[in-house]
Amino acid sequence: APTGAGADCTHFPANFMWGAATSSYQIEGAAEIDGRKPSIWDTFARTPGKVHNGDTGDVAIDHYHRFREDVKLMADLGVKHYRFSIAWPRVIPDGRGALNAKGVDFYKRLLDALQEHGIEPAVTLYHWDLPQTLQDEYRGWEDRRIVDDFTAYAEAMGKALGDRVPRWFTLNEVSTFAMIGYGVGYPGHHAPGVELPDRAALHRGIFHAVLAHGRGVQALRATCKADAQIGIAENYHAYAPIIETEEHIAAAHRAFALDEANASIIMPILTGRYNPEWVEKMNGAAPQATDAELKDIGTPIDILGFNCYHGGYAQAADNAAGFDVVPTPRAFPRMNISWLTVTPEAIYWGIRQIADVAGQPDLPIVISENGCADAAEANSAGLVRDIDRIMYLRQYLGYVQRAVREGYSIAGYFPWSLADNFEWAEGYAKRFGMVHVDFETQKRTPKLSYHWFQEVIRQRRVV
Ligand code: GBH
């Protein structure tokens with residue numbers, strides 16, 4: 001096992017990567033500064049009725065101007081890794097064509113600050129802020145032209161920053177930006193908020209995304225340091241067996257393989273093919289790909305980012321599929337956001353399903369996101385005592401540790417998020433940060449979970 005070495009039953013290995021994660025539109029602000037043009041999220045958020053309370057990322061947590069303070073917070077936290085994303089419309093304002101030097105300079109300043117504190121960057125190229133120009137010109141991910149434009153963007157970033165960035169993720173959560181950004185028969189409730197006619201249209205868009213990913217990997221490979229680790233960050237859907245027996249484990253593995261998001265995104269990326277059983281089940285809606293396209297989609301990656309928040313429970317069943325996904329009971333534990341059930345086993349089974357179902361037992365996985373919205377109040381001294389977040393992270397991290405102990409190829413853990421930020425359609429109403437942000441004054445105050453995570457890192461165990 002690549003990272004298990006040095007781990008004992010209670011401690012994480014010394015080379016385990018501890019990090020923090022953010023994304024551009026959720027933190028940067030400075031929406032109209034230094035030549036940045038709008039993304040689909042600017043347009044969406046400025047459209048009345050789309051985002052809670054009419055909130056936008058115009059200012060967000062003003063990270064564009066306060067990044068030094070944020071890097072300092074990370075250094076004090078003790079993380080040696082930081083996952084952030086580049087805003088495509090900041091560096092190539094129209095999505096294709098000339099680089100905006102001022103936009104690129106911002107990321108160089110950020111890389112400098114990280115380097116000063118010994119923090120390694122892990123850069124995501126696309127965390128949902130598509131240049132609006134590409135949406136206007138050809139409807140973004142719906143059109144095949146996005147593949148070439150994304151590849152050119154990846155190449156440009158590889159050339160501009162490739163000598164300084166050891167880890168790259170092409171796309172963040174294809175399943176989310178495709179399945180929530182677009183709706184089949186209703187408008188999606190993330191940008192661009194488009195209503196698609198049918199599932200075939202959805203799968204065409206997803207196909208463009210996975211092909212763009214594969215070509216993007218090749219473009220980065222050609223322009224970055226030889227030992228750069230390149231991959232994707234995906235919230236593929238993990239399934240835990242209801243009871244750990246052979247038959248329920250097999251059921252969970254089948255649920256994983258046939259899940260619509262997994263079968264159309266992570267499985268073709270890791271195996272270079274679509275599962276024929278799934279294609280048949282989709283009844284004409286699955287994408288058609290040539291052998292050459294499949295080869296590009298399956299371009300080998302060096303690292304897999306697993307964004308894990310929750311998962312499903314599967315049970316062996318006497319039906320055609322051979323399994324049932326068990327519905328979540330009404331009073332199942334949830335965090336302070338409606339979709340987030342507390343299912344910590346998912347993080348372990350998600351790691352294991354990459355090894356056992358996707359057939360990639362040696363692919364280094366990092367948990368590129370894991371976190372929750374809290375409902376904690378500050379005490380009289382101003383400390384947000386988010387023991388709800390600590391409870392949640394502690395449980396998930398315990399299951400990560402189980403995967404380490406059993407020798408799975410799990411190399412790092414990046415909680416979402418460093419600081420409270422713009423939570424997409426929920427605006428600023430939902431707080432995912434280990435650092436509290438006062439959105440009026442921009443004052444940052446570490447929460448109790450920040451101090452907890454500091455201690456996890458220091459002791460290399462779940463504390
Ligand atoms: C991640 O997505 C994102 O990468 C990150 O930017 C975000 O801030 C973080 O999680 C917290 O949400 O529309 O109510 O039907 C997490 C995966 C998948 C969770 C879509 C919310 C929408 C449920 N997301 N899901 S809903």
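Just follow the structure's listing: the first ligand is 1, and inside any ligand the first atom is 1.
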Review point. What's the shortest distance from atom 1 (C) of ligand 1 to any protein heavy atom, and which residue and atom give it?
Key: Glu369 OE1, 3.2 Å

Practice item. Identify, by atom number and element, the atoms of ligand 1 in contact range of Asn235, meaning under 4.0 Å from any of its heavy atoms. Key: 17 (C), 18 (C)

**Study point:** Sub-4.5 Å side-chain heavy-atom contact between Arg144 and Leu211
**Key:** yes

**Study point:** Residue and atom name of the nearest protein heavy atom (relative to atom 2 (O) of ligand 1), distance in Å to one decimal
**Key:** Glu173 OE1, 2.8 Å

**Study point:** Any N or O of Glu423 closer than 3.5 Å to N or O of ligand 1
**Key:** yes

Review point. Evaluating non-hydrogen atoms only, which member of Thr176, Thr22, Asn307 is closest to atom 20 (C) of ligand 1?
Key: Thr176

Check your understanding: Looking only at N/O atoms, are Asn421 and ligand 1 under 3.5 Å apart anywhere?
Key -> no

Practice item. May I ask which of Tyr309, Trp339, Phe422 has a heavy atom nearer to atom 10 (O) of ligand 1 than the others do? Key: Tyr309

Practice item. Using a strict cut-off of 4.0 Å, indicate which atoms of ligand 1 neighbour a heavy atom of Trp424. Key: 5 (C), 6 (O), 7 (C), 8 (O)

Exercise for review: Using a strict cut-off of less than 4.0 Å between a Lys/Arg side-chain nitrogen and an Asp/Glu carboxylate oxygen, indicate whether Lys72 and Asp76 qualify as a salt bridge.
Suggested key: yes

Practice item. Give me the ring orientation class for Tyr107 and Phe84: parallel if the planes are under 30° apart, tilted from 30 to 60°, perpendicular past 60°. Key: parallel

Review point. Would you call Arg46-Asp58 a salt bridge at under 4.0 Å N-O?
Key: yes

Review point. Is the centre of the Phe414 ring less than 6.0 Å from the centre of the Trp18 ring?
Key: no

**Study point:** Residues Glu426, Arg431: salt bridge by 4.0 Å N-O rule
**Key:** no

Review point. Salt-bridged, Arg385 to Asp374, with N to O below 4.0 Å?
Key: no

Review point. Is His127 touching ligand 1 with its side chain, its backbone, both, or neither, if touching means heavy atoms under 4.0 Å apart?
Key: side chain

Review point. Does Gln26, backbone or side chain, put an N or O under 3.5 Å from an N or O of ligand 1?
Key: yes

Exercise for review: Please write down residue, atom name and distance for the protein heavy atom closest to atom 22 (C) of ligand 1.
Suggested key: Ile180 CD1, 3.8 Å

Exercise for review: Mark the output for Glu426 as yes if a heavy-atom distance to ligand 1 is under 4.0 Å, and as no if none is.
Suggested key: no

Check your understanding: What part of Ile337, side chain, backbone, both or neither, has a heavy atom within less than 4.0 angstrom of ligand 1?
Key -> neither

Check your understanding: Ring centres of Trp128 and Tyr126 under 6.0 Å apart?
Key -> no

Exercise for review: For the pair Asp34 and Arg90, find out whether any cationic side-chain nitrogen is under 4.0 Å from an anionic carboxylate oxygen.
Suggested key: no

**Study point:** Under 3.5 Å: N/O of His189 near N/O of ligand 1
**Key:** yes

